[in-house]
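This report refers to the structure that appears directly beneath it.
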Amino acid sequence: MQGPFRPPLNSRGSSRAQPPGRSLAAGPGLGSLHTEQIERSHQRCQALGLSRIAAPDHARVAPPDLALLRERNLRLHLHAAPVMELLHEQITQTHSMVALTDATGTILLSIGDDDFLSRAARVALAPGANWSEAAKGTNAVGTALVSELPTLVHGDEHFLYANHFLTCSAAPILDPRGNVLGVLDVSGDQRSYHQHTMALVKLSVRLIENHWLSDDCRHGLRLHFHRRAEFIGTLMEGILAVDADGRISGANRGAQEQLGLTGAALRQHTLQSLFGTGVDALADHFRSPLAQPLAVHTADGQGFHLHARFNGPQWAPLVEAAPPAARTPATPPATAPAAPAPAARSALAPLRLGDAAMARLVDRLQRVCEHPIPVLLLGEHGCGKGVLARALHADSPRAAEPWVALNCATLPPQGAEQRLLEGLAQAAGGTLFLDEIDTLPLPLQARLLPALRQHAGGLVCASRVALAPLVRQQHFRDDLYFHLQGLVLAVPPLRERSDLPALAAYLLRQLRPQPEARLRPEALAALARHDWPGNVRELKSALRTALALAGAAADIGVEHLPDALATHGQHTGSAAMPGSESLQALELQAMHRAVADAHGNIAAAARALGVSRNTLYRRLRWNPVR
């Protein structure tokens, strides 16, 4: 039988009364469940023989052992690190830090305000330290690992007196099968406590878990669903992983919450038993890229809207096949039905050419095109940000209204503010596209934000670089940055896309609809060998030149390509070099070594390698240490 909750001790080890409102165990909005959670943790600490007034254990694992832990948890690190940076941006200047631990409570990575990091280090709240209950008593990380629930431990709710200056909000990170991967924690000075911190932590954990599930299922079938169709694609959606037999193999928290089933219970279901449908029926419905979410019902009558994503070549025969002839009536009905109204042409749909990253990007743009949500496109010069922005406008309800495009890098030194305000006025009711917004000077950013808040229309911005580092360096205003954080999408460079043949054919049709031109295999191979530093813009220019040189010829050969493409790869092209797989392996080894040398700091490793942080994340995510 559990004993009563003992009041905290003072520095001399005696009991002391709690001033009214001092402890959040009885604070507003937390209630008895929180009190019971803290009480049970304190009882566990007493059973372990911990002393409240004992000096805390400041020991950390040795650097080689920490490097090994980071290597073992590299996939968790890669999924969590970008989310941690975003989370820290939301709590910056609050005397707080964000920490990631492994499944034992050992801190793998931490980022935070410098003034608080130095103070936190004095109680070993730093990489290499273990914050399990056995090591540090009642604390958010250790208690969350035991309960497997989001946990707040504030002030003197910490078992150890030395930790009473802290307020900590933590949530466990679970894999699709419910196994604990680690814990995400925000710790700070108890005077900086804010009730929204836990909500931010839980949303961040959900984002990490969704990324993990999508990564697990990148070559499988994923179902995204919600009671309301507009919530598909948001953090509130449910996600299910489905195997080839239609059995549920994994689920995120959103799926468990909406269906009222645990992950283990969901894995006992099939698509048929859960939603009354099968893989074949889903493939028929979602064969068209413009298919709307499918309305389904569970056995108990709950209604959901469902979107299916078939990933990987094993699904191609099912998804790309024509509908079975048996489903078409053998003879026409006596009275022919009225011809359906022609479907509206989509400007975004033709940009879905077979590359998975581009398909996801187009899918998200299609989901938000009817809503006035700011869109931020990140990507290199020439990768198609402007094309995507224009297509988004064409597919939106604002298509008949003005489209206004401004390049912030080419605004005149004199009159730049006036030109921005004129562009906003011209785009009223339509869409304003601000390219290279990362180059906008700070004074103009301050003047632009109030006008953007009053803008009645769509807003699409583009940047060559991520804006978060510019905010930290005070080169970009944080209030403008947050205003632009509606939907942020990374446009892949051409060298990372898998749809070059289809993209080239699409551009050729744009450049010369009739007579149709085709690339001969050797010309296509030459294009595949090129690195495309100028991305899609460079490809379109090369094809325009090839068409001019080919004249009326239907087939384009190597002789029609610009000289730089026709000769590229014969001596130095990676596609023509023997042992290219070995070179890729060496490159990956160098990346892993740089991460290890930087003690897991991806940003520092990227700088050392001379590549972007996003490129390093992407390469390591798909090629983890095994």
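Sequence positions, counted from 1, serve as the residue numbers for this chain. Since this is a predicted model, take the numbers as computed values, not measurements. Heavy atoms only: backbone and side chains are in, while hydrogens, waters and symmetry mates are out.
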Hey, could you give me the [atom1]/[atom2] distance between [X] and [Y], rounded to the nearest 0.5 Å?
| X | Y | atom1 | atom2 | result |
| --- | --- | --- | --- | --- |
| Leu306 | Leu223 | CG | CG | 5.0 Å |
| His224 | Arg367 | NE2 | CZ | 8.0 Å |
| Leu434 | Ser463 | CG | OG | 11.5 Å |
| Leu470 | Asp478 | CG | CG | 12.5 Å |
| Arg512 | Leu508 | CZ | CG | 8.5 Å |
| Leu376 | His483 | CG | NE2 | 11.5 Å |

Does any part of the side chain of [Y], heavy atoms only, come nearer than 4.5 Å to the side chain of [X], both counted from C-beta?
| X | Y | answer |
| --- | --- | --- |
| Trp403 | Arg398 | no |
| Leu507 | Val536 | yes |
| Thr197 | Thr94 | no |
| Val205 | Leu174 | no |
| Leu100 | Ile173 | yes |
| Leu440 | Leu420 | yes |
| Leu411 | Thr439 | no |
| Met84 | Ser204 | no |

Looking only at heavy atoms, which two atoms of [X] and [Y] are closest? And how far apart?
| X | Y | value |
| --- | --- | --- |
| Ala347 | Ala394 | CB-CB, 3.8 Å |
| Leu361 | Ala490 | CD1-O, 3.5 Å |
| Pro293 | His305 | CB-CB, 4.1 Å |
| Trp532 | Leu494 | CG-CD2, 3.5 Å |
| His393 | Ser396 | O-OG, 2.8 Å |
| Ile239 | Ala255 | O-CB, 3.7 Å |

[X] side chain vs [Y] backbone, donor-acceptor pair below 3.5 Å:
| X | Y | value |
| --- | --- | --- |
| Asp355 | Met358 | yes |
| Lys385 | Glu380 | yes |
| Asn407 | Ala409 | yes |
| Thr545 | Ser541 | yes |

Exercise for review: Determine, for Arg464 against Asp438, whether the closest basic-nitrogen to carboxylate-oxygen distance falls under 4.0 angstrom.
Suggested key: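 Salt bridge: yes.
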Check your understanding: Should the ring pair Phe304 and Phe225 be called parallel, tilted or perpendicular, given that the plane angle runs from 0 to 90° and is split at 30 and 60?
Key -> perpendicular
Review point. Given the rule in the side-chain contact (heavy atoms from CB on, under 4.5 Å) test, do Val491 and Leu388 qualify, once you have shown the distances and angles that lead to the verdict?
Key: CA-CA 9 Å; Val491 184; Leu388 287 164; 3.8 Å; yes
Exercise for review: Tell me, with the steps shown, if Glu237 and His307 meet side chain to side chain donor-acceptor pair (under 3.5 Å).
Suggested key: CA-CA 10 Å; Glu237 70 178 351; His307 181 75; over 6 Å; no
Point to revise | CD/Glu370: more than 12 non-hydrogen atoms of other groups inside 6.0 Å | key: no
Practice item. State whether the number of non-hydrogen atoms from other residues, nucleotides or ligands found under 6.0 Å of Gln473 atom CD is greater than 12. Key: yes
**Study point:** From CA spacing to verdict: side-chain contact (heavy atoms from CB on, under 4.5 Å), Lys202, Arg253
**Key:** CA-CA 11 Å; Lys202 291 193 288 187; Arg253 291 185 196 236; over 6 Å; no
Exercise for review: Starting from the C-alpha separation in whole Å, work towards a yes-or-no answer on side-chain contact (heavy atoms from CB on, under 4.5 Å) for Leu467 and Leu480.
Suggested key: CA-CA 10 Å; Leu467 298 182; Leu480 177 58; over 6 Å; no
Check your understanding: Do Leu181 and Glu209 pass the side-chain contact (heavy atoms from CB on, under 4.5 Å) test, and can you show the C-alpha distance, the side-chain angles, and the key distance before you say yes or no?
Key -> CA-CA 10 Å; Leu181 298 168; Glu209 292 175 343; over 6 Å; no
Check your understanding: Which residue, Leu449, Leu448, Leu442, forms the side chain to side chain contact (heavy atoms under 4.5 Å, CB included) with Gln445?
Key ->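 The residue from Leu449, Leu448, Leu442 that satisfies side chain to side chain contact (heavy atoms under 4.5 Å, CB included) with Gln445 turns out to be Leu442.
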